[in-house]
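These notes are about the structure you will find just below.
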Amino acid sequence: MNDTLSILQRNLGQYKKTSQGEYLFKCPNCNHHKSKLQVDINKGWYHCWVCDYSAKSTYNFIKKFFPSALPSLPKKKSKYKSVFKTCHL
């Protein structure tokens with residue numbers, strides 16, 4: 001099982017698998033009674049179909065709602081970090 005999926009399952013509870021890499025959870029932002037938070041593990045985005053809460057980073061979603069789960073989730077390195085180091089103004 002994917003690390004991100006296991007963290008989300010542990011904190012949000014049961015999920016429904018909709019397609020390859022996409023899952024539905026209950027949204028912690030609006031607390032809707034049905035599973036309306038769609039999470040795509042492969043692409044790394046999420047969207048709630050009730051409150052329209054969405055972003056393109058599941059890492060930031062976990063950081064906001066479940067910060068204690070972060071040590072077990074590896075951070076993605078920025079592809080621009082080396083560009084900023086070499087840029088001299």
Side-chain angles (χ1 to χ4, degrees):
M1 184 182 290
N2 188 321
D3 289 339
T4 305
L5 180 61
S6 64
I7 289 171
L8 291 173
Q9 182 184 13
R10 189 171 42 236
N11 292 289
L12 294 175
Q14 293 292 343
Y15 62 87
K16 296 175 187 175
K17 186 172 183 176
T18 58
S19 66
Q20 185 68 24
E22 291 187 9
Y23 303 89
L24 289 174
F25 292 93
K26 291 185 179 179
C27 180
N29 192 46
C30 66
N31 293 320
H32 193 267
H33 65 280
K34 291 187 177 180
S35 299
K36 297 291 183 176
L37 177 71
Q38 183 177 4
V39 179
D40 189 321
I41 300 296
N42 298 328
K43 294 179 183 175
W45 61 263
Y46 59 91
H47 180 262
C48 178
W49 295 99
V50 176
C51 67
D52 205 33
Y53 185 69
S54 63
K56 295 181 180 179
S57 173
T58 52
Y59 177 81
N60 288 338
F61 175 78
I62 293 172
K63 182 179 173 182
K64 178 178 180 177
F65 289 103
F66 317 111
S68 62
L70 283 181
S72 62
L73 188 65
K75 289 184 181 179
K76 292 184 179 178
K77 293 184 178 179
S78 173
K79 61 183 176 182
Y80 302 109
K81 188 174 184 179
S82 61
V83 174
F84 292 126
K85 280 185 174 180
T86 58
C87 183
H88 300 287
L89 299 176

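These figures come from a predicted structure and were not determined experimentally.
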Query - Residues which pass ring pair (Phe, Tyr, Trp, His ring centres under 6.0 Å) with W49, listed by chain and number, not counting sequence neighbours - result: H47
Requested in this report: Please list, chain by chain and in numerical order, all residues satisfying ring pair (Phe, Tyr, Trp, His ring centres under 6.0 Å) with Y23, sequence neighbours excluded.
Outcome: Y15
Query raised in the report: Which word best sums up how the rings of Y53 and Y46 line up, parallel for under 30°, tilted for 30 to 60°, or perpendicular for over 60°?
Result: tilted
Report task. Consider only side-chain heavy atoms of I, L, V, M, F, W and Y, link residues closer than 4.5 Å, and tell whether F61 and L24 are in one cluster. Result -> no
To the nearest 0.5 Å, what is the distance between [atom1] on [X] and [atom2] on [Y]?
X   : Y   : atom1 : atom2 : result
L8  : F25 : CG    : CZ    : 5.0 Å
D40 : T18 : CG    : OG1   : 8.0 Å
Q38 : S19 : CD    : OG    : 7.5 Å
I7  : F65 : CD1   : CZ    : 15.0 Å

Only distances under 3.5 Å count here; give the side-chain donor-acceptor pairs of residues 28-36 to other protein atoms, sequence neighbours excluded, each with its distance to 0.1 Å.
from : atom 1 : to  : atom 2 : distance (Å)
H32  : ND1    : K34 : N      : 3.1

Report task. Only counting residues at least two apart or in another chain, list the ones meeting side-chain hydrogen bond (donor to acceptor under 3.5 Å, both in side chains) with K56. Result -> none
Query raised in the report: Do L12 and L37 have side-chain heavy atoms sitting under 4.5 Å apart?
Result: yes
